[in-house]
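What follows is a short report on a single structure.
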Amino acid sequence: MTANRMPSVLRHWLWRTVCAASGGLSVSGRFRATGGCVVVANHSSHADTAVLLAALPPSARPVFGAAADYWFDVPARRFVATSLAGILPVRRSGDGNYAALLAAAGPALKAGRTVVIYPEGTRSTDGTIGAFRSGAIRLARDCGVPIIPVAIAGTADVLPKDGHYTPAPMHVHVGAPVDPHTTSAPQLRARVLALRADRAADAADRYALAS
């Protein structure tokens, strides 16, 4: 194992352990990227980052684009961001938001890493998936990498925004790679919605069979 993969391996097993103790994590679908890629996922909880670190293979070496003013201005959050989560600080500066994202994520994609972006821009508080911003698609186009849509379920039950921690089952459903040149932000959102709906239908079928 190369030294630059070791942090990803340690984070992967750390968060798998945490997820197992927090109600359990199941993963469906197959992560098919062999080089740099952009993963997009719905976002309703800080636990989303933990489950993605646990669900994605360590070989993906995932990093997360996130607001520098939130994650790096407070020492405790800075420790989590740098040591436990692998967060890329993106400076929010009005019209320069995309330039900051490209500067932060471009080198990681060039190095063959997976960059995770939450296109809603904030955590949902009511379970709905908000409109997707176009930055993730633009980034994938400019860097020549595919996009992988992912649906996350159950994390808001474990750690809701402005709520309290409660153990509950969580799930990650990984979709097939998408060509960013032929996909719009609304189409990408629709793919994540479909993945979440597929997961809900599978869960309902299993419940019916068990009954």
Side-chain angles (χ1 to χ4, degrees), residues 7-31 39-58 60-67 70-72 74-88 114-132 136 148-175 188-189 191-208 210:
S8 296
V9 172
L10 294 176
R11 287 173 187 145
H12 174 77
W13 288 107
L14 166 66
W15 292 113
R16 281 188 70 90
T17 301
V18 171
C19 289
S22 299
L25 171 64
S26 57
V27 181
S28 58
R30 185 166 61 90
F31 184 79
V39 163
V40 298
N42 57 298
H43 193 30
S44 59
S45 169
H46 281 322
D48 295 333
T49 297
V51 300
L52 288 175
L53 285 164
L56 296 174
R61 294 182 294 153
V63 287
F64 296 75
Y70 178 84
W71 284 103
F72 288 83
V74 177
R77 287 201 291 258
R78 186 186 308 120
F79 171 76
V80 172
T82 56
S83 300
L84 304 180
I87 287 177
L88 297 174
T114 293
V115 172
V116 179
I117 294 176
Y118 300 117
E120 294 164 272
T122 188
R123 287 168 288 162
S124 171
T125 58
D126 60 4
T128 61
I129 297 180
F132 276 19
I148 297 179
V150 170
I152 302 171
T155 51
D157 296 326
V158 174
L159 191 64
K161 187 176 182 178
D162 301 324
H164 300 287
Y165 167 78
T166 305
M170 297 170 286
H171 184 80
V172 170
H173 191 1
V174 181
L188 192 57
R189 176 179 177 271
R191 284 182 176 267
V192 173
L193 281 167
L195 288 170
R196 191 170 72 167
D198 287 347
R199 167 59 188 168
D202 288 344
D205 288 345
R206 283 196 298 272
Y207 177 81

Legend entry - 4.5 Å side-chain heavy-atom contact, Pro119 and Arg189: no
Inset, instruction - Report yes if the side chains of Thr82 and Trp71 come closer than 4.5 Å at any heavy-atom pair, otherwise no. - result: no
Legend entry - Donor-acceptor contact present, side-chain His171 to main-chain Ala153, <3.5 Å: no
Inset, instruction - Check whether any side-chain heavy atom of Ser44 lies under 4.5 Å from a side-chain heavy atom of Thr155, and answer yes or no. - result: yes
Inset, instruction - Would you indicate whether the side-chain heavy atoms of His46 and Arg123 approach each other to under 4.5 Å? - result: yes
Legend entry - Leu25 and Trp15, any side-chain heavy atoms less than 4.5 Å apart: no
Inset, instruction - Considering non-hydrogen atoms only, spot the tightest contact between Val158 and Ala168 and give its length. - result: CG2-O, 3.4 Å
Legend entry - N/O donor-acceptor pair under 3.5 Å between Arg77 side chain and Tyr70 backbone: yes
Inset, instruction - Could you pull out the closest heavy-atom pair between Ile148 and Gly175, with the gap in Å? - result: CG2-O, 3.6 Å
Legend entry - Student check: side-chain heavy atoms of Pro149 and Leu195 closer than 4.5 Å: yes
Inset, instruction - Please assess Phe31 against Val150 for the test side chain to side chain contact (heavy atoms under 4.5 Å, CB included), listing each intermediate value before the final yes or no. - result: CA-CA 10 Å; Phe31 184 79; Val150 170; over 6 Å; no
Inset, instruction - Measure the shortest side-chain to side-chain distance between Val172 and Leu52 over non-hydrogen atoms and say whether it is less than 4.5 angstrom. - result: yes
Legend entry - Spacing of CG belonging to Leu10 relative to CG belonging to Leu84, to within rounding of 0.5 Å: 10.5 Å
Legend entry - From CG (Asp48) to CZ (Phe64), nearest 0.5 Å: 9.5 Å
Inset, instruction - Kindly write out the residues that satisfy side chain to side chain contact (heavy atoms under 4.5 Å, CB included) with Thr125, not counting sequence neighbours, or none if the list is empty. - result: Lys161
Legend entry - Derivation of the side chain to side chain contact (heavy atoms under 4.5 Å, CB included) call for Val116 and Leu56: CA-CA 11 Å; Val116 179; Leu56 296 174; 4.2 Å; yes
Inset, instruction - Taking all non-hydrogen atoms of both residues into account, name the closest pair between Asn42 and Val192 and its distance. - result: OD1-CG1, 3.8 Å
Inset, instruction - Find the distance between CG (Asp162) and CG (Leu159) and round it off to the nearest 0.5 Å. - result: 10.0 Å
Legend entry - Least distance between heavy atoms, Ser8 atom then Pro58 atom: CB-O, 3.6 Å
Legend entry - side chain to side chain contact (heavy atoms under 4.5 Å, CB included) between Met170 and Ile152, intermediate numbers included: CA-CA 8 Å; Met170 297 170 286; Ile152 302 171; over 6 Å; no
Inset, instruction - Measure the spacing between CZ of Arg78 and OG of Ser83 and express it to the nearest 0.5 Å. - result: 11.0 Å
Inset, instruction - Classify the ring geometry between His43 and Tyr118 as parallel (under 30°), tilted (30 to 60°) or perpendicular (over 60°). - result: parallel
Legend entry - Considering all heavy atoms, the nearest Tyr165-Ala21 contact: OH-O, 3.8 Å
Legend entry - Nearest non-hydrogen partners of His173 and Ser28, listed with the distance: ND1-OG, 3.0 Å
